[in-house]
Each structure stands twice: as C-alpha cells, then as structure tokens.
Amino acid sequence: MPSDFEESLEKYAELIVKVGLNLQPGQRLLIGSPLFGGLTPIEAAPLVARVAKHAYQSGARLVDVIWTDHQLNLIRLQHAPRDSFSEYPAWQVNATLNYLKRGDALLVIAAENPDLLKDQDPNLLATIDQTGFTHTQPIMDCIARNATNWLAVSVPVPGWSAKVFPDVPAELQDAKLWDTLYEICRVKHTDPVAAWQSHIHQLVVRSDYLNHKQYKSLHMTAPGTDLTVGLPKGHIWRSGQLKSENGITFIANMPTEEVFTLTHKDQVEGFVTATRPLSLGGAIIDDLTLTFHAGRVVKAIAKRGDFALQKLLNTDEGASRLGEVALVPHSSPISQSGILFYNILIDENAASHLALGHAYKFSVNKGETLSDDEFAVVGGNYSAIHVDFMVGSGGMNVDGLNEDGTTEPIMRSGEWSFDI
Ligand code: ZN
Ligand code: ZN
C-alpha cells in the first residue's frame with residue numbers, strides 16, 4: 001500500500017505528463033534545459049522516474065535528462081579562476097535545440113536554494129547570468145513562439161524548504177513544502193485531472209472576455225502604484241493553456257493562475273511598487289519602485305538588491321521596458337497561502353504582475369509570423385531577459401481604457417469585477 005506521499009507523487013507525475021505537457025505518442029521528452037535555470041536537480045530523481053514511466057506509458061519514444069547538482073555552482077564561484085565566468089557549456093543549449101526543433105516535448109524542473117549563492121561576488125553572478133542569457137537566447141526564441149509543448153514545475157530541494165518554512169523543524173521542512181506544492185497544484189483533489197480541466201476553463205473564459213474587449217490600455221492603481229500600461233492593437237490575452245506550433249494544447253506552468261498579454265514597449269507611464277520580493281539568481285530585490293516614461297524605466301529604486309536591479313535593467317535596451325502584464329485575483333490559492341516561495345514560477349501566480357524584458361510573440365495576432373523588426377513596430381519588446389515582478393494586492397484596482405476614452409472596471413480590491 002503506497003504512502004500518501006508516494007500516491008501524491010505518482011499523481012503529480014501523471015498530471016505533468018497528461019495534463020501539463022499533454023505528451024503525444026511518438027514524441028521524445030527532454031527533462032531539463034539551461035533556460036530559466038532549469039537543469040534537472042539530482043534531488044528530483046524520484047519525480048523524474050515516475051514522469052519517465054508515465055511518459056513511456058503514453059507512447060514516448062525516448063526520455064532524456066540533463067542533470068545538475070546545484071552545489072557545483074557554489075564550488076565554481078569559490079574555486080574557479082576569477083576571469084573564467086563567461087565560459088559556458090554550449091552543448092546543453094545545442095541538445096535542447098535538437099529536441100525542440102524536432103517537435104519533442106520539454107519539461108523544466110525549476111528548483112533552487114535561493115540562499116546558496118547569497119555571499120558570492122555580485123559581479124561574478126551578473127557575468128554568469130549575462131552569459132547564460134546570451135547563450136540561451138535561441139531556446140527563448142523557440143519557447144516564446146511555443147515551437148513545441150513545454151512545461152515548468154518545481155520540487156523541494158535542500159535549503160529552499162528551509163527558506164520558505166524557517167519556523168518548521170528542519171526534518172519536516174521538505175515534507176511541508178511537498179505538501180504545499182501538492183495543494184497549490186491541485187494534486188490532492190480526488191480527481192486532479194478534472195480539477196485542472198475546470199480551473200483552466202475558468203482562465204480561458206476570462207481571457208476570451210478580455211480579448212473581446214481589446215482595451216487600449218490598463219490603468220492599475222494601488223498604494224504606491226499609479227500606472228498606465230498600453231496594450232498593442234491585436235493583443236491576445238492568454239491563460240496558462242497554450243497551443244504549440246505543432247498543434248498540441250499544453251499548460252506551460254504548474255501551478256498557474258494568471259491571464260496575461262504583452263504590453264506596448266513605448267506606452268507605459270507612471271509608477272509602480274512591487275508587492276512581493278523578487279528572487280533573482282543569488283539576489284533578493286525588495287521594496288522595488290519603478291517609474292516609467294514613454295515605456296522606459298526612468299527611475300528605479302530597490303531598498304534591497306539595488307545593485308542586482310541596476311545590472312538587470314542594463315542587460316540590454318529592452319531590459320528597461322515591459323514585455324508582459326498578467327492579472328491574478330488576490331483570492332488565488334497561492335496568494336491566500338500567504339507564503340513567499342522565493343521561486344518565480346510559483347510567486348508570479350500569487351499576484352498580478354508585470355515583466356521586464358522579452359514579450360511573447362504569441363501574445364499578439366499572427367505574432368509568430370512577425371520578424372523581430374515587425375514585432376517591434378507593433379509594440380513588442382525584445383530582450384535577453386524576462387523577469388516577472390509582483391504588483392498585485394488586495395488593494396489593487398484595474399481599469400480598462402477603451403479607444404473612445406471611456407473606462408470599465410476589470411478588478412476591484414484585487415478581485416475580478418466582471419462576471420463570466
Ligand atoms: Zn506571467
Ligand atoms: Zn512572465
């Protein structure tokens with residue numbers, strides 16, 4: 001008789017393969033990619049084994065894994081030559097592209113100890129990030145147009161659960177994080193597959209409503225925030241459910257609570273204050289306020305992590321402009337848990353958010369067919385980075401502005417204000 005934990009792990013693996021990836025017979029599955037820091041941590045082995053079993057049972061031709069031990073990042077920073085941090089294992093990018101270009105599926109298990117590198121030289125960390133962003137750009141290009149079905153999920157790793165639950169006894173922290181993940185990923189429902197289908201349906205209907213409206217811009221107000229965000233003509237609101245170029249419907253993130261679209265790179269005005277800390281590489285950026293004019297960040301202040309913030313904004317021209325706006329009700333299970341996960345995959349689903357950097361071409365009508373220059377003309381932003389930061393709260397109102405100057409409420413006090 002399997003334990004509760006084993007049973008939940010089995011259900012989690014099944015959800016990943018059948019609902020998240022929607023793996024098709026004949027596809028190959030790659031688990032792990034350097035994008036999003038997503039090489040597969042060795043601690044994920046029990047989940048990977050179950051995913052592989054379900055993948056083969058679903059008709060996968062081959063399951064391949066790019067493993068890592070995150071301790072190696074620390075050892076490198078402590079012992080490698082100081083001038084060597086622009087070295088890069090390009091084979092990992094080539095391997096990922098090899099799978100993506102064949103239309104195979106990609107699973108990313110994003111999990112790291114947010115404090116592992118906290119005492120390391122921020123200049124070296126920035127060089128590593130910058131080098132990584134540059135090399136993984138071709139993968140980002142494939143992901144941004146959904147060349148194939150892909151999914152990002154998490155598993156507890158040592159140090160992470162301790163960071164999330166500092167007040168829980170050490171021997172129980174991993175179990176507590178597993179339990180929370182199962183909760184927010186709806187694994188504990190009697191029928192998790194049906195629970196996901198109904199959840200995704202809600203998100204799809206919300207995005208359909210907003211697509212029909214075609215607002216010219218959004219006006220977000222909250223304590224510390226008064227921001228107008230332009231939306232390009234023909235923008236498309238998406239939910240976590242996407243369709244790949246090879247015609248497979250999949251869910252890109254588990255958990256997912258957002259509906260999102262792209263922003264107009266030249267039409268953002270006002271100021272916005274983040275409502276949750278942002279964990280970026282080794283750094284935590286907290287108490288962040290950004291002021292925008294004509295789409296560009298003209299003033300950026302973080303009381304904590306300011307160095308990492310300034311580096312991030314200077315990555316390239318598009319790094320100081322927005323690429324995404326996403327709406328998440330304050331009542332979402334992740335928000336209600338009150339837990340800060342120090343993991344963007346989960347935290348971004350706790351609150352409405354914006355992203356600095358790259359806009360997804362699939363967020364605009366026929367976007368996948370546009371060249372980078374044509375995409376820029378429409379208002380799409382191009383950058384090597386895409387960094388989400390949370391701005392939503394129970395105090396946020398969002399209005400949609402129509403072409404004729406009238407406005408309509410979209411959210412009041414952090415909750416949807418239209419019926420579906
Ligand atoms: Zn998002
Ligand atoms: Zn995003």
Side-chain angles (χ1 to χ4, degrees), residues 20 35-38 108 110 133 136-137 139-146 150-154 184 199-200 202-204 206-207 210-211 218 220 227 229 231-232 235-242 250-265 268 272 274-281 285 288 290 312-313 315 318-330 332-335 341-364 367 380-393 396 398 410-411 414:
L35 191 68
F36 308 135
V108 168
F133 287 142
T136 54
Q137 188 64 56
I139 305 179
M140 177 66 112
D141 289 343
C142 285
I143 292 295
R145 59 186 172 83
N146 294 321
W150 61 278
L151 167 67
V153 299
S154 272
I184 60 180
H199 172 55
I200 289 292
Q202 292 282 323
L203 296 176
V204 169
R206 293 272 172 211
S207 39
L210 291 167
N211 284 333
L218 301 181
M220 309 176 102
L227 190 74
V229 179
L231 303 177
H235 64 268
I236 300 170
W237 288 89
R238 301 277 188 190
S239 64
Q241 177 172 282
L242 300 168
F250 66 100
I251 294 165
N253 290 352
M254 283 182 152
T256 185
E257 302 287 338
E258 63 177 334
V259 296
F260 64 96
T261 189
L262 83 172
T263 49
H264 195 298
K265 69 182 178 65
V268 183
V272 62
T275 48
R276 292 182 149 228
L278 163 65
S279 177
L280 186 74
I285 300 174
L288 162 70
L290 300 176
L312 180 75
L313 291 169
T315 307
S320 57
R321 295 176 185 274
L322 294 183
E324 176 194 345
V325 57
L327 300 176
V328 179
H330 187 59
S332 86
I334 303 170
S335 170
F341 288 92
Y342 300 95
N343 176 321
I344 192 61
L345 172 74
I346 303 174
D347 286 324
E348 76 157 334
N349 283 295
S352 293
H353 55 269
L354 301 165
L356 286 165
H358 207 68
Y360 297 116
K361 283 184 178 171
F362 60 76
S363 298
V364 73
N381 194 32
Y382 193 84
S383 172
I385 67 157
H386 177 100
V387 175
D388 300 281
F389 60 102
M390 278 56 72
V391 301
S393 66
M396 174 164 272
V398 181
I410 297 174
M411 285 186 141

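Read the numbers this way: they start at 1 and go in the same order the structure lists the ligands and their atoms.
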Check your understanding: With a cut-off of 2.8 Å, which protein N/O/S atoms are close to the Zn ion (ligand 1), if we only count those under it?
Key ->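 Only E258 OE1, E324 OE2, E348 OE1, H353 NE2 fall inside 2.8 Å of the Zn ion (ligand 1).
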Check your understanding: Do L356 and L322 come within less than 4.5 Å of each other through their side chains, counting heavy atoms only?
Key ->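 Heavy-atom side-chain distance check passes, below 4.5 Å.
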Check your understanding: Can we call the ring centroids of H358 and Y382 under 6.0 Å apart?
Key ->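 Distance test on ring centres: under 6.0 Å, yes.
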Review point. So, do H386 and Y360 have ring centers that fall under 6.0 Å from each other?
Key: yes
**Study point:** Atom of E324, atom of H353 and distance for their closest heavy-atom approach
**Key:** OE2-NE2, 3.2 Å
Check your understanding: Side chain of S335, backbone of A351: donor and acceptor closer than 3.5 Å?
Key ->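 No; judged by distance alone, with no hydrogens or angles, the pair does not exist.
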Exercise for review: Could you check I334, L345, N349 and say which one makes a side chain to side chain contact (heavy atoms under 4.5 Å, CB included) with T256?
Suggested key: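 Among the candidates, only N349 passes.
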